[in-house]
Novice: 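Before I ask anything, here is the structure I am working with.
The structure presented is a predicted model; accordingly, all values stated were derived computationally and were not measured. Just so you know, ligand 1 is whichever comes first in the structure, and atom 1 is the first atom listed for that ligand. Reckoned from all heavy atoms, side chains included, excluding hydrogens, waters and symmetry mates.
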Amino acid sequence: MNMAEPSILDPFRLRKEDVNTFISNSDNHIIRKGKDMKGFFQNDVELDLVIYEVHEIYGPHSTDMGLTIMKPGKVGREYHMTKGHFHESASADEYYFCLAGKGMIIMQSAKGEIRHLLLNEGEGVYVPSGWAHRTVNVGNKDFILLAIFPKDAGHDYGTIEDEGFGVIVVEVDGQPEVIDNPSF
Ligand code: PAN
Ligand code: ZN
């Protein structure tokens, strides 16, 4: 659970042009570099490489927002991706909207079912409760994603860090391909 004081928000519109306004109003800034993601990729990752950043705004009531900005690139054959997590709260679902770029959302249920959805600019995804989720930048520019999630969602990173997802996303002939994770 976020322990920070909630923000008081005015009505606002969020387009890709407004990303800097979101950032300047954010309550929390997370930077994930290679050194924060050791063991997540099949290959070794450069320790100081910025893979993605998240800017969070804590809503005053029931929801928080996260704006994820993912750099394009690959570690070996694998596209840049987020750590991925389950929510701690069994009821916490989430909405994702793509503001720019091209990404893939990998979802995996506790039972091991796996789904992957491609997300282009202007498109959204619903992440049901109980499904772990990871974002992958499969394009060649920044992938910018808005997430809206319940304040009490909580983030369980340990399960994915220990076990990974059942699939990874790699480049094959210049295109993203979802393949079985050899380390799963
Ligand atoms: C997102 C994620 C964000 C970064 O806001 O937190 O994309 O991914 P990791 O948290 O897995 O590093 C979200 O799903 N919030 O619940
Ligand atoms: Zn989440």
Side-chain angles (χ1 to χ4, degrees), residues 1-4 6-7 14 16 19 22-23 25-41 45 49-59 61-73 75 78-110 114-119 121 123-139 142-169 181:
M1 187 159 18
N2 293 313
M3 302 310 287
S7 326
L14 183 59
K16 61 182 171 191
V19 158
F22 187 103
I23 291 173
N25 283 284
S26 78
D27 299 302
N28 188 33
H29 180 198
I30 301 157
I31 304 177
R32 298 252 205 255
K33 296 186 178 180
K35 60 172 151 250
D36 305 308
M37 296 193 67
K38 278 192 215 161
F40 279 80
F41 295 92
V45 49
L49 181 73
V50 174
I51 313 275
Y52 61 102
E53 299 190 42
V54 189
H55 302 269
E56 293 181 326
I57 292 182
Y58 303 139
H61 302 298
S62 56
T63 54
D64 288 334
M65 291 182 285
L67 186 76
T68 303
I69 303 176
M70 306 192 68
K71 295 281 161 214
V75 176
E78 273 181 285
Y79 292 95
H80 283 179
M81 62 187 182
T82 59
K83 285 185 162 192
H85 57 265
F86 281 97
H87 290 157
E88 281 165 358
S89 158
S91 63
D93 50 4
E94 181 160 15
Y95 296 91
Y96 274 178
F97 301 95
C98 174
L99 295 181
K102 185 175 168 186
M104 200 175 276
I105 312 298
I106 307 294
M107 288 176 266
Q108 183 165 308
S109 72
I114 298 173
R115 303 278 165 76
H116 57 91
L117 295 172
L118 199 58
L119 204 53
E121 185 172 320
E123 298 176 347
V125 159
Y126 175 61
V127 182
S129 54
W131 288 72
H133 38 287
R134 161 175 287 162
T135 308
V136 187
N137 184 349
V138 296
D142 281 7
F143 178 65
I144 308 182
L145 179 80
L146 175 69
I148 300 170
F149 51 94
K151 217 165 238 313
D152 66 355
H155 294 86
D156 160 21
Y157 290 102
T159 310
I160 296 299
E161 187 156 4
D162 293 345
E163 297 168 18
F165 280 79
V167 293
I168 58 173
V169 187
N181 180 356

Novice: For atom 5 (O) of ligand 1, what is the nearest protein heavy atom, given as residue, atom name and distance?
Specialist: A147 CB, 3.6 Å

Novice: Considering only non-hydrogen protein atoms, determine which one is nearest to atom 8 (O) of ligand 1 and report residue, atom name and distance to 0.1 Å.
Specialist: T82 CB, 3.5 Å

Novice: Given that the side chain starts at C-beta and the backbone is N, CA, C, O, which of these parts of E56 lies under 4.0 Å from ligand 1, counting heavy atoms, or is it both or neither?
Specialist: neither

Novice: Got a second to check how far I51's CD1 is from I31's CD1, nearest 0.5 Å?
Specialist: 12.5 Å

Novice: If the plane angle is over 60° it's perpendicular, under 30° parallel, otherwise tilted; pick one for H29 and H55.
Specialist: parallel

Novice: Going from CD on E94 to OG1 on T63, what distance comes out if it is rounded to the nearest 0.5 angstrom?
Specialist: 11.0 Å

Novice: Below 4.0 angstrom from a heavy atom of E94, which ligand 1 atoms are there? Numbered from 1 as shown, please.
Specialist: 1 (C), 13 (C), 14 (O), 15 (N), 16 (O)

Novice: Distance from R134 atom CZ to Q108 atom CD, nearest 0.5 Å?
Specialist: 9.0 Å

Novice: With respect to Y52, determine whether any N or O atom, backbone or side chain, lies less than 3.5 Å from an N or O atom of ligand 1.
Specialist: yes

Novice: Does T82 reach the main-chain N or O of T135 with its side chain, forming a donor-acceptor pair under 3.5 Å?
Specialist: yes

Novice: With heavy atoms of T68 as the reference, note each atom of ligand 1 found under 4.0 Å away.
Specialist: 3 (C), 7 (O)

Novice: So which of K83, M37, H85, H55 gets nearest to atom 6 (O) of ligand 1, if we judge by its closest heavy atom?
Specialist: H85

Novice: Donor-acceptor pair, distance only, cut-off 3.5 Å: does the side chain of D64 make one with the backbone of G59?
Specialist: yes

Novice: Taking only heavy atoms of Y96 into account, list the atoms of ligand 1 that are under 4.0 Å away from them.
Specialist: 1 (C), 13 (C), 14 (O)

Novice: Within the structure, does H87 bring an N/O atom to less than 3.5 angstrom of an N/O atom in ligand 1?
Specialist: yes

Novice: May I ask you to check whether H133 and F149 place their ring centres under 6.0 Å from each other?
Specialist: no

Novice: Using distance alone, determine whether G66 and ligand 1 share an N or O pair under 3.5 Å.
Specialist: no

Novice: Give the atoms of ligand 1, by number and element, whose distance to some non-hydrogen atom of H133 is under 4.0 Å.
Specialist: 14 (O)

Novice: Could you identify the N, O or S atom of H87 positioned closest to the Zn ion (ligand 2)?
Specialist: NE2

Novice: Out of L99, L67, N137, L119, which one pairs with L145 under the side chain to side chain contact (heavy atoms under 4.5 Å, CB included) rule?
Specialist: L119

Novice: So is A153 in contact with ligand 1, going by heavy-atom distances below 4.0 Å?
Specialist: no

Novice: Using the side chain to side chain contact (heavy atoms under 4.5 Å, CB included) definition, which of the options K83, K71, H80 pairs with Y52?
Specialist: K83

Novice: Taking 4.0 Å as the limit for heavy-atom contacts, which would you say applies to H155 with ligand 1: side chain only, backbone only, both, or neither?
Specialist: side chain

Novice: Which of the numbered atoms in ligand 1 are under 4.0 angstrom from any heavy atom belonging to Y157?
Specialist: 9 (P), 10 (O), 11 (O), 12 (O)

Novice: Is there a side-chain contact between F40 and E78 (heavy atoms, below 4.5 Å)?
Specialist: no

Novice: Could you list which atoms of ligand 1 come closer than 4.0 Å to a heavy atom of R32?
Specialist: 10 (O), 12 (O)

Novice: Nearest N/O/S atom of E94 with respect to the Zn ion (ligand 2), by atom name, please.
Specialist: OE1

Novice: I would like to know whether H85 and I160 meet side-chain contact (heavy atoms from CB on, under 4.5 Å); could you show each step before the answer?
Specialist: CA-CA 6 Å; H85 57 265; I160 296 299; 5.6 Å; no

Novice: Considering just N/O/S atoms, say which atom of H133 is closest to the Zn ion (ligand 2).
Specialist: NE2

